[in-house]
Amino acid sequence: MANIPDKPTLDGIEERWAAQWDSDDTYRFDASAPREGVFSIDTPPPTVSGSLHVGHVFSYTHTDTIARFQRMSGKAVFYPMGWDDNGLPTERRVQAYYGVRCDPSQPYVDGFQPPFRGDPPKEHQAIPISRPNFLELCDELVEIDEELFEHLFRRLGLSVDWNLKYATIDERSRRISQRAFLRNVERGEAYTQEAPTLWDIDFRTAVAQAEVVDRSRSGAYHRIAFAQTDAGPGEAASIEIETTRPELLAACVALVAHPDDERFKPHFGTTVKVPLYGQHVEIRAHELAQPDKGTGIAMICTFGDTTDVTWWRELSLALRVIIGRDGRILPEVPAGVDVAAYESIIGKYPNQAQKIVVEQLTESGNLIGEPRRIEHDVKFYEKGDRPLEVVTSRQWYIRNGGKDSALRAALVARGDEVTWHPDHMRHRYENWVEGLNSDWLVSRQRFFGVPIPVWYRLDDAGEPIYDTPLLPDEADLPIDPSTDVPTGFTADQRDQPGGFAGDPDIFDTWATSSLTPEIAGLWEEDGTDRFDRVFPFDMRPQGHDIIRTWLFSTMTRSHHEFGVAPWGHAALSGWILDPDRKKMGKSSGNAQTPDGLLEQFGTDAVRYWAASGRPGVDTTFSEDQMKVGRKLANKLLNVTKFVLQFGAPSGDRSLDDAVTDPIDRSMLAKLDAVIDDATAAFEAFDYARALERTEAFFWWFCDNYVELVKGRTYNDERPEGADSAKRALREALGALQRLFAPILPFAAEEAWSWWNESSIHTAAWPTPCGDDTTPFGDPALADVTIELLTQVRRSKTEAKRSQRAVVESLVVTAPTALHAAIDAGRSDLIDAGSVLDLRVVEGAEVSTTVTLADED
RNA sequence: GGGCGCGUAGCUCAGUUGGUUAGAGCGCUACCAUGACACGGUAGAGGUCCCGGGUUCGAGUCCCGUCGUGCCCACCA
């Protein structure tokens, strides 16, 4: 065709084809397709917090290969893109970018301009601004970041339908998030409760179990003597405990030992006096106390850790709270605690208070021996910098089986409705669900997020009545209870006794992103039947690190709302490892920028590397693999040019009639097996296997088959043979281009465009030429001739001669059974090997004798 | 402590119901300007499949165990 360039090149094809696909709407979802004709993808909305890294390129490429395969297989592919922009990451980025911080007590400033737009100097003190001003800046920055993300994803060639874009903070997401929550409230699946929870003192918000991580920190065991208040004659006068948190002595409410521990059995029910602070606490028994830990008896404080919470609750202990929401020791002296001693630690952070308390204990003689240094794991918020504290606060929860074994079992069973890729990832899900010990805490004391859509009546004293929250009508969603007024009230009743108050909190990010199927699928949005056409989704792609958060929370919401799993397949991507086998990430400072890689190697080359990582397997970052991908894409262009150059076969015959040469039929039979394998692999979400099979065949095709038959295509004296080869070459080429299209969308489209009118990405997925009952040819036949060709090549290489060197005589020894096969490739072998004389003789083993002509 | 992976050529990895002489790419070595491709081509060297048992006619593949390595969870007085 006329469109073949003289010099095929990969340079610039990304911009050209991305623009073409955009203007042609190549990837637009057919909204009229029936459910069974749809392949729907619950795309992970990336956190928009500044920059993309190689991990994004890796996992999004995997999904895209599946999307492209399904599209070519005839499905209407529903492939949306969302931005997860609500929540803490955005707040943090806004603070860092503009040099501000949110202070809800500040008044709104109309037309506020931040002091900086990007990179405030280090010494800059963040200026406090009102919540509405802060939210405006969030909206502004999110828009900038989202443009960068979209640009990269387009450059990466994702076949997303960009008309299906959403953001987790946009109006639709807020409406759906609030609607789903209100349904949970109505059905009793969501509830509010005042209880001790893990609390980040810097972000000043509660955090959920799923967001807690352990980090190793150094600490010390302090052995402390508690005086017994009612020791009998001759008994030890004190009981010693060990603790890593002596600063919590003032919060001590009991000591606890195991009920079977003979050492302490006599003391259960007696009391001791807490050093320094003087409060009397009882010695209690509880199964959770471990005889082999420390001295075998522990102090219970309200609250040092989550075990304390359990003890406090189950033993019905008193409450002595000393740590405030800002992490400092509270000014109020707890009941029974010595005022003078307590005053010395008021206002201190725990680590500061610990120093003071240890000094005081040393002076008082209650510290036994030297503190013993240890390394131990401490709970942190995954985004936080200081250890979590336990703070009592009122929060909203959604039931997730953490406190209900029947629900837990039901959610585990939902996991069985999903096909996991790879299968072993299901264990991570089950493991997590079975290990839950609390409900899902969804409220956060933050600013940029979906508001919790409830108000509370205030009693005559102005205290909220939490038991009967005031709920909005669904028709009014989304609402913001801090500005909207509940039905039956007027704005001037806000925060007045007898009036109402809005819930000040927002939802955690996961509470909204757990609804991505509903958001992308327009669940119960007016004027659309979209949801019925896409839900349950076919595919949920995501990283295995967020099984416990995103995957599980989505499952929970779908279980409550619809009673089904939200997708049929969950495809888990692995990590990127740097060459030292460590996880690559921003934190380790070794992340390559995706833009740089795409620029340096080309998109297809980077995608090739990504697609060579097996599903769910951690994959080494490898520029070498990208070079291989570059080479492959380049080869695809060049072999296309070469094959098309031969021209089309004459006549208009069927494939079966046109391809007469057994060697050609053998090649196409081999191709059939590849098509079958690649198709099965893609259907099973194994893009890597599909690529591997296709690639292996492709190189065999280029290096052996094309070399073998090219002489025949030039041979005007054998038009039948030439036509057979040309037809077979084109058949294989078209199939190969389509097999590669999901992985190398740009090179495949470029090569395809030289001889086809419409996009390869909407072309039909290739099907085999033959079938099981009537194979198109004998796949092994061509191998016989190619083995002989290889031996001829070897002779030339060993003689250090050019492959073009003339073979004066080639004598092939082979058993009679192979003679027919050798004969089938005889003329091709003579052409490809530059053989003057070929003789075949009978012999048990295959061997060749090659006699090269002298050099000129 | 519990769960789940992984250990095959110098490197990165395939190896699908157990079956002739264990594969690929990169790298390495030697060679080749041959009708598209030097971002090319041809060929070569290179492996006690972590180790030890067992099942089997036959084990890289199945079973048991050891070691190494990674992730998740629990415990963290």
- Quick one: on RNA chain B, does A:R614 or A:H427 contact a more 5' nucleotide (nearest heavy atom)? A:H427
- Among A:V274, A:I300, A:D308, which one satisfies side-chain contact (heavy atoms from CB on, under 4.5 Å) with A:C252? A:V274
- Checking N1-N3 plus N6-O4 or O6-N4 for Watson-Crick, or N1-O2 and O6-N3 for wobble, each under 3.5 Å, the partner of B:A22 is none
- Does B:A38 have OP1 or OP2 sitting under 4.0 Å from an N or O in the side chain of A:K7? yes
- Take the protein atom CH2 of A:W420 and the nucleotide atom P of B:G3, then report the distance between them rounded to whole Å. 19 Å
- Rounded to the nearest angstrom, tell me the gap between atom CG in A:D618 and atom C1' in B:C13. 14 Å
- Nucleotide paired to B:G68 in any strand shown, Watson-Crick or G-U, under 3.5 Å: B:C6
- Message: Looking at A:Q600, I'd like to know if its CD atom is crowded, meaning that more than 12 non-hydrogen atoms belonging to other residues, nucleotides or ligands lie closer than 6.0 Å.
- Response: yes
- Sugar-phosphate only, base, or nothing, as touched by A:D624 at under 4.0 Å among non-hydrogen atoms: sugar-phosphate
- Message: Using the side-chain heavy atoms of A:D703, tell me which of these nucleotides is nearest: B:G44, B:C75, B:U42.
- Response: B:U42
- Task: Look at the side chain of A:R689 against the base of B:U16 and say whether a donor-acceptor pair falls under 3.5 Å; ignore hydrogens and angles.
- Result: yes
- Task: Give a yes/no on whether any side-chain N or O of A:R804 is located under 4.0 angstrom from OP1 or OP2 of B:G41.
- Result: no
- Is there a donor N/O on one and an acceptor N/O on the other, under 3.5 Å, for the side chain of A:E707 and the base of B:A36? yes
- Searching all strands shown, indicate the nucleotide that pairs with B:C62 (Watson-Crick or G-U wobble; both distances under 3.5 Å). B:G54
- Within 45° of the six-membered ring axis of A:F601 and under 6.0 Å from that ring's centre, is NZ or CZ of A:R630 located there? no
- Message: Could you tell me how far apart A:W609 (CH2) and B:C13 (P) are, to the nearest whole angstrom?
- Response: 12 Å
- When rounded to whole Å, the NE2 to C1' distance for the pair A:H424 and B:G70 reads 12 Å
- Message: Let me spell it out: for each of A:R793 and A:M425, pick the nucleotide of RNA chain B with the closest heavy atom. Which residue's pick is nearer the 5' end?
- Response: A:M425
- Message: With no hydrogens and no angle check, just 3.5 Å: does a side-chain donor-acceptor pair link A:Q803 and A:T797?
- Response: yes
- Message: Looking at B:A74, I'd like to know if its phosphate oxygens (OP1 or OP2) sit under 4.0 Å from a side-chain N or O belonging to A:Q209.
- Response: yes
- Message: Tell me the interatomic distance from A:F621, atom CZ, to B:C13, atom C1', rounded to whole angstroms.
- Response: 17 Å
- Query: Any side-chain N or O of A:T307 less than 4.0 Å from the OP1 or OP2 oxygen of B:C76?
  - Reply: yes
- Please report, rounded to the nearest Å, how far the C1' atom of B:C6 is from the CG atom of A:D423. 17 Å
- Note on the structure: From CG of A:D214 across to P of B:C73 the rounded distance in Å is 8 Å
- Side chains of A:Q290 and A:H258: donor-acceptor distance under 3.5 Å anywhere? no
- Query: B:A36 P sits how many Å from A:N634 CG, rounded?
  - Reply: 14 Å
- Item | Between A:R718 and A:S827: side-chain donor-acceptor atoms closer than 3.5 Å | yes
- Message: Does a side-chain N or O of A:K796 approach OP1 or OP2 of B:G41 to a distance below 4.0 Å, or not?
- Response: no
- Return no unless some side-chain N or O of A:R548 is found under 4.0 Å from OP1 or OP2 of B:C72. no
- Task: Report yes if a donor N or O on one partner sits less than 3.5 Å from an acceptor N or O on the other, where the partners are the side chain of A:N431 and the base of B:C71; otherwise report no.
- Result: no
- Item | Out of B:A36, B:C75, B:C31, whichever nucleotide has its closest atom nearest the side chain of A:K800 | B:C31
- Task: Give a yes/no on whether any side-chain N or O of A:K710 is located under 4.0 angstrom from OP1 or OP2 of B:U34.
- Result: no
- Any side-chain N or O of A:T620 less than 4.0 Å from the OP1 or OP2 oxygen of B:C13? yes
- Parallel, tilted or perpendicular: ring planes of A:Y705 versus A:W700, cut at 30 and 60 degrees: parallel
- Query: In the strands shown, is B:C31 matched to any nucleotide by a Watson-Crick or G-U wobble pair with both distances under 3.5 Å, and which?
  - Reply: B:G41
- Message: Using a heavy-atom cut-off of 4.0 Å across all strands, would you classify A:Y714 as base, sugar-phosphate, or nothing?
- Response: base
